[in-house]
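Before any comments, here is the structure.
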Amino acid sequence: MSYLGEEIKNLGFGMMRLPKNGDEFDMEQIKAMVDAFMAAGFTYFDTAWVYTGSEEATRKALVERYPRDSFQLATKNAAWTECPTREDAIKQFETSLERTGAGYFDFYLLHNLGGDRTRVFEKYDMWSFVSEQKAAGRIKHIGFSFHSTASELDEILTKHPETEFVQLQINYADWESESVQSRKCYEVARKHGKSVIIMEPVKGGMLANPPERVAEILKNAEPESSAASWAIRFAASLDGVITVLSGMSTMAQMEDNISYMKDFTALSDKERETLDKARIAFEEVSLIPCTSCDYCAKVCPKDIGISGTFAAVNDYITYENKNSAQNTERWRVKDRKKNLAEECIKCGKCEAVCPQHISIREELKRAEIYR
């Protein structure tokens, strides 16, 4: 598949949820996953300045082991965090080059535009900066990732026609969502003639292990297919998609993705009907739409285990098993030395950076259901 002059197969390796041994990255497993990915003919890797340790791990597992022209590397600039000046924001680019050792970036993104974050990039005139770096050959393609409304996306693309691509959260569960606006944002991007990179196709893993009623619909239609395969194939079937990112954490996930994406076939009308049924069933379950990106954790003054708490709440809602939910909380919150939901001081800083627009302060109260 060719977009923006690049030959890229339709599965991208998201380097956000890499496997770990304790607190350290499991570099041997990461290298093995990179090798399997490359051997299958896939070449697109996605990291970011704000993904702690990811850029360095990408250097060790990929950049130092493969010819630079054999893969595409994307990273992102988060000018809205830890950047009191324009110079600090620009420094992120140089830091990313140093961490990755890549020499240049095939795709460079302004990270997580929407609301106040959009205004920071305008204030620091980061659009001019990335255009200058493209002219200098240090960036091949410029774009941005986005978590906001379709109307704001339309405004940004109208103001910045130099944008070559947009990275959007698209999955079948969020396709008609009024908060995420997957379909509406996708249609705006295509209206402006922009190629699309898809993130969160399995909604942070929620669609890989969906609620039982959703899983039954998918299994009845195709007993041999994983739930994750349905989600990723849905995203990859859309027109104008450069690649679909999957944040793989295990070799098993890698092998599953490769099995159905290596010789990809777009969804049939019957399969789309199945996913429509699955989406409706998913909407009937009141799960917290957290994808465990942990942007909230970076700004929480009380170090609350927010995503871990939400995982435990969703565990209980899905399976109605208090022991299971408590074990999830122990593993995702207590064992990671995070504070419990009860310690929340309701400052609201987390909600300002949440890409899913979750009412975090209210949702944390739901931890009471499995106590």
Side-chain angles (χ1 to χ4, degrees), residues 1-18 30-51 54-78 92-112 130-131 133-146 162-170 189 194-201 232 235-236 238-248 254 257-258 261-262 264:
M1 191 175 298
S2 178
Y3 288 103
L4 306 180
E6 302 280 350
E7 291 293 332
I8 301 173
K9 291 193 72 173
N10 49 18
L11 178 66
F13 192 167
M15 309 291 277
M16 181 182 183
R17 299 180 175 92
L18 297 172
I30 296 170
K31 289 177 182 178
M33 292 170 69
V34 166
D35 292 345
F37 188 77
M38 292 287 284
F42 299 105
T43 58
Y44 190 99
F45 295 81
D46 172 88
T47 183
W49 178 88
V50 78
Y51 300 164
S54 175
E55 289 182 325
E56 294 90 340
T58 301
R59 184 191 73 246
K60 295 174 184 177
L62 174 68
V63 178
E64 293 178 350
R65 300 174 63 243
Y66 285 90
R68 182 62 185 87
D69 61 358
S70 67
F71 59 87
Q72 293 86 24
L73 182 60
T75 197
K76 311 177 190 74
N77 183 291
Q92 284 191 17
F93 176 78
E94 302 297 340
T95 299
S96 291
L97 280 176
E98 181 181 348
R99 287 174 176 174
T100 62
Y104 64 92
F105 295 113
D106 301 274
F107 293 79
Y108 194 72
L109 296 84
L110 302 183
H111 194 173
N112 193 13
V130 294
S131 294
Q133 296 307 308
K134 180 183 176 183
R138 303 174 85 194
I139 296 172
K140 292 179 69 173
H141 304 293
I142 58 177
F144 60 90
S145 60
F146 184 77
E162 68 270 31
T163 301
E164 296 175 88
F165 66 96
V166 183
Q167 186 163 304
L168 299 173
Q169 176 172 322
I170 294 177
K194 306 305 179 185
S195 298
V196 175
I197 293 172
I198 293 178
M199 59 182 162
E200 303 291 358
I232 292 178
L238 296 171
D239 180 57
V241 171
I242 296 173
T243 196
V244 178
L245 300 175
S246 179
M248 293 169 274
M254 175 68 73
N257 284 346
I258 288 173
M261 292 299 287
K262 188 173 182 180
F264 172 74

In chain order, what residues pass the side chain to side chain contact (heavy atoms under 4.5 Å, CB included) check against [X], with sequence neighbours excluded?
X: Ala61; result: Met27, Ile30, Lys31, Val34
X: Ala36; result: Met251, Met254, Ile258
X: Arg99; result: Trp49, Glu55, Glu56, Thr95
X: Glu98; result: none

Taking all heavy atoms of [X] and all of [Y], pick out the closest pair and write down the distance.
X: Thr163; Y: Lys194; value: O-NZ, 2.7 Å
X: Ser54; Y: Thr47; value: OG-OG1, 2.7 Å
X: Ala48; Y: His111; value: CB-CE1, 4.0 Å
X: Leu18; Y: Ala57; value: CD1-CB, 3.9 Å
X: Val241; Y: Ala235; value: CG2-O, 3.9 Å
X: Arg17; Y: Gly247; value: CB-O, 3.9 Å

Looking at [X] and [Y], would you say the former's side chain and the latter's main chain have a donor-acceptor pair under 3.5 Å?
X: Glu164; Y: Gly143; answer: no
X: Lys134; Y: Ile142; answer: no
X: Lys9; Y: Lys262; answer: yes
X: Arg68; Y: Ala102; answer: yes

Is there side-chain contact between [X] and [Y], with at least one heavy-atom pair below 4.5 Å?
X: Arg65; Y: Asp35; result: yes
X: Phe144; Y: Val166; result: yes
X: Arg138; Y: Glu94; result: yes
X: Lys140; Y: Tyr104; result: yes

For this session: Verify side chain to side chain contact (heavy atoms under 4.5 Å, CB included) between Leu238 and Ile198, making sure each step is shown before the conclusion.
Result: CA-CA 10 Å; Leu238 296 171; Ile198 293 178; 4.1 Å; yes
Seminar exercise, completed: Test side chain to side chain contact (heavy atoms under 4.5 Å, CB included), reference Asp106, set Leu73, Asp69, Thr75, Ile139, output is Leu73
Exercise. Pick from Leu11, Thr243, Ile8, Asn257: which one makes a side chain to side chain contact (heavy atoms under 4.5 Å, CB included) with Phe42?
Worked result: Leu11
Exercise. So Asn10 and Met261, side chain to side chain contact (heavy atoms under 4.5 Å, CB included) or not? Walk me through it.
Worked result: CA-CA 7 Å; Asn10 49 18; Met261 292 299 287; 3.4 Å; yes
Could you grab the distance from atom [atom1] of [X] to atom [atom2] of [Y], nearest 0.5 Å is fine?
X: Asn77; Y: Phe93; atom1: CG; atom2: CZ; value: 9.5 Å
X: Phe264; Y: Ile232; atom1: CZ; atom2: CD1; value: 10.5 Å
X: Ser246; Y: Glu200; atom1: OG; atom2: CD; value: 10.0 Å

For this session: Could you walk me through whether Met15 and Leu62 pass the side chain to side chain contact (heavy atoms under 4.5 Å, CB included) test, one step at a time?
Result: CA-CA 11 Å; Met15 309 291 277; Leu62 174 68; 5.8 Å; no
For this session: Anything under 30° is parallel, anything over 60° is perpendicular, the rest tilted; go ahead and classify His141 against Phe107.
Result: tilted
Exercise. In chain order, what residues pass the ring-ring contact (aromatic ring centres under 6.0 Å, His included) check against Phe13, with sequence neighbours excluded?
Worked result: Phe37, Phe45
For this session: Not counting sequence neighbours, list each pair that qualifies as a salt bridge (charged side-chain N to carboxylate O under 4.0 Å, His left out) and has a residue in residues 37-49.
Result: Asp46-Lys76
Exercise. Are Thr100 and Thr58 close enough that a side-chain donor and a side-chain acceptor fall under 3.5 Å?
Worked result: no
